[in-house]
Amino acid sequence: MAADTPVRVRFAPSPTGRLHIGGLRTALYNYLFARKHEGDFVLRIEDTDQARYVPGAEEDIREALSWVGLDYDEGPAQGGNYAPYRQSERTAHYRENAEKLIDAGRAYYAFDTEEELQEMREKHGAYDISTRGQMRNSLTLPDAEVERLLEAGTEYVVRLKVPREETVRFDDVIRGGVSFDTSEIDDQVLLKSDGMPTYHLANIVDDHLMDISHVIRGEEWLSSTPKHVLMYDALGWTPPTFAHLPLILSPEGGKLSKRDANRLGIPVYVTDYREAGYEPEALLNFLALLGWSPGTEEELFALDEMVKAFSLDRVGASGVQFDLDKLRWVNEHYVRDLSVDELAEKARPFVEAEGYKVGDDRLRTICELVQDRIQVVPEVATDNRYFYEDPDAYEEAGVEKRWNEESADLLLAYTERLEEVDNFDTDTVETELRDLADEKGVGAGAIIHPSRLAVSGRSYGPGVFGLLAAVGKDACIRRMHRAVEVLG
RNA sequence: GCCGCGUUCGUCUAGCCUGGUCUAGGACGCCGGCCUUUCACGCCGGUAACACGGGUUCGAAUCCCGUACGCGGUACCA
């Protein structure tokens with residue numbers, strides 16, 4: 001690729017399921033690179049496997065990208081100068097180029113049945129330069145026979161004719177020079193018997209036709225890249241610049257499999273993060289840091305700041321383990337940056353999903369109280385249930401530490417005062433408590449702690465006075481009486 | 001098995017290309033302190049790593065080779 005070629009990159013997922021977290025990261029890095037270089041970011045749907053096609057998957061992918069705010073310049077829904085952007089709608093291009101390869105002697109027809117292939121693999125291992133001579137294809141069959149088979153409508157595939165004993169080299173932005181010996185490369189199927197191309201053919205044809213300048217994809221593609229390079233060469237095309245991203249691994253090492261992730265509580269699909277209430281900006285921020293480093297000590301980046309700081313040569317080459325704690329830490333900062341109104345609005349659905357009913361004003365009050373002590377929005381409800389319902393138990397360690405013989409009497413005395421209060425707000429509640437403490441000659445803590453325990457069931461949380469006010473007069477008095485009964 | 005890629009604190013990483021300034025820096029986590037009559041936030045401090053073995057060199061985390069380990073690929077899946 002010439003240095004002055006405009007940057008065009010693509011995210012090319014296959015619609016075989018919901019968008020995976022690793023896929024989102026690939027999309028993000030492509031996006032960052034494109035925006036950084038004022039280039040184009042293209043969404044291309046690689047739906048060439050009819051057996052694995054999942055209806056609705058493309059919509060899920062588009063919605064996921066839209067939720068996190070990764071906008072693309074061209075794609076199946078909005079079109080663009082290189083339309084269409086679904087490979088199933090571009091089959092003529094693949095066929096045409098497969099034929100070009102055949103004419104150039106760089107690919108061939110193969111008629112082997114599945115059984116024949118299986119038998120060959122058991123005996124020889126691979127379909128390559130060393131075995132293709134024993135198979136039924138346009139290299140071994142007389143021309144007339146090939147012609148006859150084709151005309152008779154016999155099922156066939158087109159395979160890449162990998163040259164003998166050559167070294168294929170290419171540069172990878174992230175890894176430097178990479179080389180493979182052609183003896184290691186199979187005669188890859190390019191066109192399947194159903195007429196659809198395989199990934200390998202489709203991706204190079206489209207990347208070329210769509211003027212893609214940089215191919216930024218997962219490391220799982222590294223070992224098929226030499227096949228692609230061979231095809232670019234055979235077609236007389238200049239290959240794009242390659243950048244193979246390190247894979248995201250499970251916190252225990254190994255691949256981030258669905259099962260492991262579930263066991264460790266790690267969401268795998270983008271929709272799972274959405275449902276778990278993560279901030280999309282935080283997810284992107286976290287993902288950017290998973291494999292890339294700005295080289296400075298900054299960790300928190302808005303998307304446009306990431307664009308400015310991004311560079312492919314600061315992407316690491318080794319696999320990275322997913323760290324949920326770090327994600328939660330990043331998310332926490334984004335939650336804190338929300339206004340109280342925004343937080344309340346975001347929290348509402350999660351609060352309701354827990355079956356709690358709460359008015360707007362009160363929800364805002366609660367949010368104000370908990371905002372800097374939660375990491376993820378749903379915790380407004382799940383980590384602070386006492387705002388919505390009476391506690392059904394008292395934290396053992398808290399009782400041990402904070403509840404003593406005089407607690408019940410003090411609490412009762414406090415409730416009597418609270419009964420008389422008309423304006424049950426933070427200040428009043430505090431004044432009443434401090435006055436009572438003075439009167440009784442005890443420290444405020446002697447009432448504060450039992451009050452918190454009684455009202456929230458816990459020994460920690462927001463400031464007690466704000467807490468009491470938010471819970472409300474009737475509930476506070478009810479809960480205090482109850483605590484005295486239960487704890488003595 | 002074979003091929004490819006990788007290997008700095010538990011984790012994400014800076015440093016490596018352009019050897020000395022690295023008694024290896026930051027962040028998450030964890031631990032401790034301050035603040036707060038709670039908890040958290042915040043602030044301060046601590047914990048902890050150059051996979052191993054050979055070379056090259058006056059000098060290696062940095063360059064070279066080997067081993068081990070990890071990951072990926074090895075499909076008419078992407």
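Here is how names work: the chains are called A, B, and so on, in the same order as the sequence lines, proteins then strands, and each is numbered from 1.
In this structure, A/Ile174 places its CD1 atom 12 Å from C1' of B/C5, rounding to the nearest Å. Atom pair A/Lys227:NZ and B/A78:P shows a separation of 11 Å (rounding to whole Å applied). As a whole-Å value, the separation of A/Glu297 CD from B/A24 P is 16 Å.
An OP1 or OP2 oxygen of B/C16 is reached within less than 4.0 angstrom by no side-chain nitrogen or oxygen of A/Arg314. Residue A/Thr48 has a polar side-chain atom (N or O) positioned under 4.0 Å from OP1 or OP2 of B/A78. The side chain of A/Arg336 places no N or O atom within less than 4.0 Å of a non-bridging phosphate oxygen (OP1 or OP2) of B/C41.
Here the options are A/Asn203, A/Asp47, A/Asp206, the test is side chain to side chain donor-acceptor pair (under 3.5 Å), and the partner is A/Gln87; only A/Asp206 passes.
With rounding to the nearest 0.5 angstrom, the CG atom of A/Asp187 is 7.0 Å from the CD1 atom of A/Ile129.
B/U74 and B/G1 make up a base pair, with Watson-Crick or G-U wobble contacts both under 3.5 Å. In this structure B/C58 sits in a base pair with B/G20, meeting the Watson-Crick or G-U test at under 3.5 Å. When both pairing distances are held under 3.5 Å, B/U67 makes a Watson-Crick or G-U pair with B/A51.
Using cut-offs of 30° and 60° on the angle between ring planes, the pair A/Tyr199 and A/Trp221 is parallel.
Comparing B/C77, B/C71, B/U11 against the side chain of A/Gln321 picks out B/U11 as the nearest.
Ionic pairing of A/Arg136 and A/Asp112 is not present here: no N-O contact between side-chain nitrogen and carboxylate oxygen is shorter than 4.0 angstrom.
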